[in-house]
Amino acid sequence: MSRLLKSSIALGASPLIIGTLIYFTWRLTRWSWLEMMGLATLLIGIVAFFAGMICLILHLKHQSKSNQTAQRTLIIRTLLVGGLLIVNFPVAAIYASSAIDISTRYTVRVYNDSFHAIESFVILGPNIQTEMGPIPAGKKAVQHNYPTGDGCLRFTARQGQVCFDGELEGYVTGNSSGDKNVRVSSKGIYKIKDNLR
C-alpha cells in the first residue's frame, strides 16, 4: 500500500474517530468545552477531506499504469477510501443535528416509585401543556419539551384523590435545555433532581 493511500485513509478515519469520541463523550458528560471541540473537528474534517482526496487522486494517477488485475484492485481501493472520506459528511450532519436537538430540549422524567398510579402529570410552560400520564405504579414516563417563550416550567399532577404541583425550572427561554427527574414516592410526595448539575 502506497504512502499516499495510507495518508488518504488516515485523513478519512481521523476526523471520523475523533468526532465520534467527542460526540459520545459530550452525550455522557455535557461538558461545554466539547461543543467547541466538535466545531473545530468539523472544520478540520473539511480540510482533511480535501487533503485526503488530493492524496487519493495522486495515488490513482501513479498507480493507473498497472496491469488489469492491479487495475481492479486499484478501483476497489479507490472506492473504499473515497467512501471513507465522504462518509464523514453524513456522520457529521447526524451528530450535529442530534447535538442541536439535545441542546434545545427540556427533558422531564417522571418515576412513579409509589404503589398507586399517577392518573395525570401535566407539564406547563411557555407554549407547553403536555400530559405525561397515566403512569402506572413502578413505571416511568419521559417527555422532551421545546420551550418557545419565556416563563416558568412547572407541573400539576393527580394521584388518586391527591392533587399536587411543583416547579421544574424557575425561568426558561426559547430553546432552553434541561434534564430533570421527578420521583414520586407516595401520593403528593416527590423529589426533583437536576441531571445537568
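Along the sequence shown, residues are numbered consecutively beginning with 1. All heavy atoms count here, side chains included; hydrogens, waters and symmetry mates do not.
- In terms of modelled atom types and a separation under 3.5 Å, the side chain of Lys180 and the main chain of Leu168 share a donor-acceptor contact.
- The line from OG1 of Thr104 to CG of Asn145 is 11.5 Å long, rounded to the nearest 0.5 Å.
- In terms of heavy atoms, Ala141 sits closest to Met132 at O-CE, 3.4 Å.
- Contact annotation: the side chain of Leu153 approaches that of Ile128 to within less than 4.5 Å [non-hydrogen atoms, C-beta and beyond].
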Using atom types as modelled, flag every donor-acceptor pair under 3.5 Å from a side chain in residues 86-101 to any protein atom, sequence neighbours excluded.
unit_1	atom_1	unit_2	atom_2	d
Asn88	OD1	Leu16	N	3.1
Asn88	ND2	Gly12	O	2.9
Asn88	ND2	Leu84	O	3.1
Asn88	ND2	Leu85	O	3.4
Tyr95	OH	Thr20	OG1	3.0
Ser97	OG	Ala93	O	3.1
Ser97	OG	Ile94	O	3.1
Ser98	OG	Tyr23	OH	2.5
Asp101	OD1	Tyr146	OH	2.7
Asp101	OD2	Arg105	NH1	2.9

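- Distance check, rounded to the nearest 0.5 Å: CG of Leu34 to CG of Leu39 gives 11.0 Å.
- With hydrogens and angles left out, the side-chain atoms of Asp113 and Ser185 include no donor and acceptor closer than 3.5 Å.
- A distance of 11.5 Å separates CG in Leu4 from CD1 in Ile9, rounded to the nearest 0.5 Å.
- Between the side chain of Glu131 and the backbone N or O of Gly133 there is at least one donor-acceptor pair closer than 3.5 Å.
- Both Ile102 and Met37 belong to a single network of hydrophobic side chains, linked directly or stepwise wherever heavy atoms of I, L, V, M, F, W or Y lie under 4.5 Å apart.
- Between the side chain of Gln129 and the main chain of Ile123, no donor-acceptor pair closer than 3.5 Å is present.
- In summary, the aromatic rings of Tyr190 and Phe121 are positioned with their centroids too far apart to meet the 6.0 Å limit.
- Of all heavy-atom pairs spanning Gly166 and Arg154, the tightest one is O-CB, 3.0 Å.
- Hydrophobic clustering (side-chain heavy atoms under 4.5 Å, transitive across Ile, Leu, Val, Met, Phe, Trp, Tyr) keeps Leu60 apart from Leu58.
- Taking all atoms of both residues into account, the shortest heavy-atom contact from Gly160 to Glu119 is N-OE1, 2.7 Å.
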Inset, instruction - Apply side chain to side chain donor-acceptor pair (under 3.5 Å) to Thr107 and Gln143, showing your working. - result: CA-CA 6 Å; Thr107 302; Gln143 179 67 44; over 6 Å; no
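- Here the side chains of Asp179 and Arg109 are in contact, with some heavy-atom distance below 4.5 Å.
- The hydrophobic clustering, which links ILVMFWY residues whose side-chain heavy atoms are closer than 4.5 Å, places Phe49 and Ile18 together.
- Distance CD/Glu169 to CG/Asp194: 6.5 Å, rounded to 0.5 Å.
- Taking both residues in full, the closest heavy atoms of Asn112 and Ala117 are given as ND2-CA, 3.7 Å, listed atom of the first, atom of the second, then distance.
- Closest heavy-atom contact between Val81 and Ser8: CG1-OG, 3.2 Å.
- Across all their heavy atoms, His59 and Ser2 have their closest contact at ND1-OG, 2.7 Å.
- There is a path of hydrophobic side-chain contacts, each under 4.5 Å, that joins Phe50 to Met53.
- Tyr111 is not connected to Tyr106 by any chain of hydrophobic side-chain contacts under 4.5 Å among Ile, Leu, Val, Met, Phe, Trp and Tyr, and they are in different clusters.
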